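Below: one structure, written as structure tokens.
Keep in mind that the numbers below use all heavy atoms, side chains included, and drop hydrogens, waters and symmetry copies. Lettering follows sequence order; numbering is per chain, from 1. Everything numeric in this text was worked out from a predicted model, so none of it was measured.
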There are 2 protein chains.
Amino acid sequence: MSVVMKHSHTIGEAAATTGVSAKMIRHYEKIRLIMPAERTGAGYRLYDPADIHKLRFIRRARNLGFSIDEIKELLGLWQDETRASKDVRHVADSHLVALRNKAAEIHSMIDALEHLLEGCTNDDRPDCPILKGLASDTTSARPKNVGHKFGYERIC
Amino acid sequence: MSVVMKHSHTIGEAAATTGVSAKMIRHYEKIRLIMPAERTGAGYRLYDPADIHKLRFIRRARNLGFSIDEIKELLGLWQDETRASKDVRHVADSHLVALRNKAAEIHSMIDALEHLLEGCTNDDRPDCPILKGLASDTTSARPKNVGHKFGYERIC
DNA sequence: AATAAGGCTTCCTATGATGGGAAGGTCAAG
DNA sequence: CTTGACCTTCCCATCATAGGAAGCCTTATT
């Protein structure tokens, strides 16, 4: 292994540096998320730095829960040579909205966890502020915690 | 503490207010991601505000690409009655790290898209200069990660 | 009382994303 | 030339999600 020949990587190297498994890279090619890779004479796939970048982008997007179709569209922003700027802007804008929503949800989860760590970890608190903060319901009623196996009724 | 519930919802209402389909709610119960819901005398499932909150949390987490197992652990932070604070903190901390990484990746993608909108869209020119400009990465030094570790992750 | 709407269960199917493994070809180093 | 690491294709398994059908029961409205 070690240093790569000039500008192209084997599928294994690409997998190692992008975090996308070789299996998935082939899969992405088959479902046409990415274009068929170049091949060596023997049929080995070759990936240049642009491919590597795209794979990293894909991995990040998958990691954030974007579907393949969404990623296809995101990649299309860069790849589609026939798309006019206005279209690009429109599509990108809607994806930016989606991304910002995800960011908001993440921060909401982070807040919830931090809140848990601040306010709920000291043993004798039967009452969880997160419930009140995040659920928009009008009640703080709690279910009876009798019966069931693991006391799952308590959220906090 | 005020007990006595009866701000309970049917599965359909729970689905409507949480964005998790009734089908999935039953599924989550079956795979024990959530504990069996209370039932009316007739067998209808009932969901109180704490349940609703959990379902929203689940939907958010799924939406962000967390696996069921991860969500199980996250929910466990609130559900575990025996929580020894140290364990809770440890687990929560590691999840906070994961969440902050996701947040960073999201902001990286947002940056990439905004960069695309700034730099690539002001005419009908169909090719993207930056896509070409990246003909050298992976090994060569990228512009210092101004900001944070994901700052360089641009396709375009 | 009748009806519509919705809930209950079980079962069957499908699709998408991922990964495991088999059977075999390629390549470089010993 | 052999070996071991890597590649190829192809098939199969799993998990999360979704849809649907059948058959029965409950609740709300008319």
*Rounding to a whole Å, what distance do you find between A/Glu29:CD and D/dC7:P?*
14 Å

*Looking at A/Thr10, does any N or O in its side chain come under 4.0 Å of the phosphate oxygens OP1/OP2 on D/dC7?*
yes

*When all nucleic acid strands are considered with a 4.0 Å heavy-atom cut-off, which category describes A/Ser21: base, sugar-phosphate, or nothing?*
sugar-phosphate

_Sidechain N-carboxylate O distance under 4.0 Å for A/Glu29, A/Lys54_ = no

*Which whole-number value in Å describes the distance from A/His9 NE2 to D/dA5 P?*
22 Å

*Please indicate whether A/Arg32 has more than 12 foreign heavy atoms, meaning atoms of other residues, nucleotides or ligands, lying under 6.0 Å from its CZ.*
no

_Atom CD of B/Glu13: over 12 foreign heavy atoms under 6.0 Å_ = yes

*Give a yes/no answer on whether the side chain of B/Arg59 brings an N or O atom under 4.0 Å of OP1 or OP2 in D/dT17.*
no

*Closest to the B/Ala42 side chain: D/dT8, C/dT9, D/dT27?*
D/dT27

*Nearest whole angstrom, please: distance from the C1' of C/dG16 to the CZ of A/Phe66.*
17 Å

*asked:* Do the side chains of B/Glu70 and B/Arg62 get close enough for a salt bridge, i.e. N-O under 4.0 angstrom?
replied: no

*Report which part of the nucleic acid B/Ile31 touches: base, sugar-phosphate, or nothing (heavy-atom distance under 4.0 Å, all strands).*
nothing

*Grab the CE-P distance between B/Met24 and D/dA16 for me, whole Å please.*
9 Å

*Matching residue for A/Ile34 among A/Ile25, A/Val20, A/Asp51 - test: side chain to side chain contact (heavy atoms under 4.5 Å, CB included)*: A/Ile25

*So which one's nearest nucleotide on DNA chain C is more toward 5', B/Gly12 or A/Thr40?*
B/Gly12

_Rounded interatomic separation in angstrom, taking CG from A/Leu33 and C1' from C/dG16_ = 13 Å

*Given C/dG21, D/dG20, D/dA18, which nucleotide is nearest the side-chain atoms of A/Lys23?*
C/dG21

*Expressed in angstrom and rounded to an integer, what is the separation of A/Asp69 atom CG from C/dA17 atom P?*
7 Å

*Is B/Arg26 near enough to D/dA16 that one of its side-chain N or O atoms lies under 4.0 angstrom from OP1 or OP2?*
no

*May I have the distance from A/Lys30 (atom NZ) to C/dT18 (atom C1'), rounded to whole angstrom?*
12 Å

_Side chain of B/Ile11 only, heavy atoms from C-beta on: which candidate in C/dT9, C/dG7, C/dA17 is closest?_
C/dG7

*asked:* Less than 4.5 Å apart, side chain to side chain, heavy atoms only: is that true for B/Leu99 and B/Phe66?
replied: yes

*Look at the side chain of A/Tyr44 against the base of C/dC27 and say whether a donor-acceptor pair falls under 3.5 Å; ignore hydrogens and angles.*
no

*Report yes if at least one side-chain N or O of A/Tyr28 is closer than 4.0 Å to OP1 or OP2 of C/dA17; otherwise report no.*
no

*OP1 or OP2 of C/dT18 sitting under 4.0 Å from any side-chain N/O of A/Arg62?*
yes

_Output the rounded distance in Å from NE2 (A/His27) to P (D/dA13)._
18 Å

*Under 4.0 angstrom between A/Arg39 side-chain N/O and C/dT26 OP1 or OP2*: no

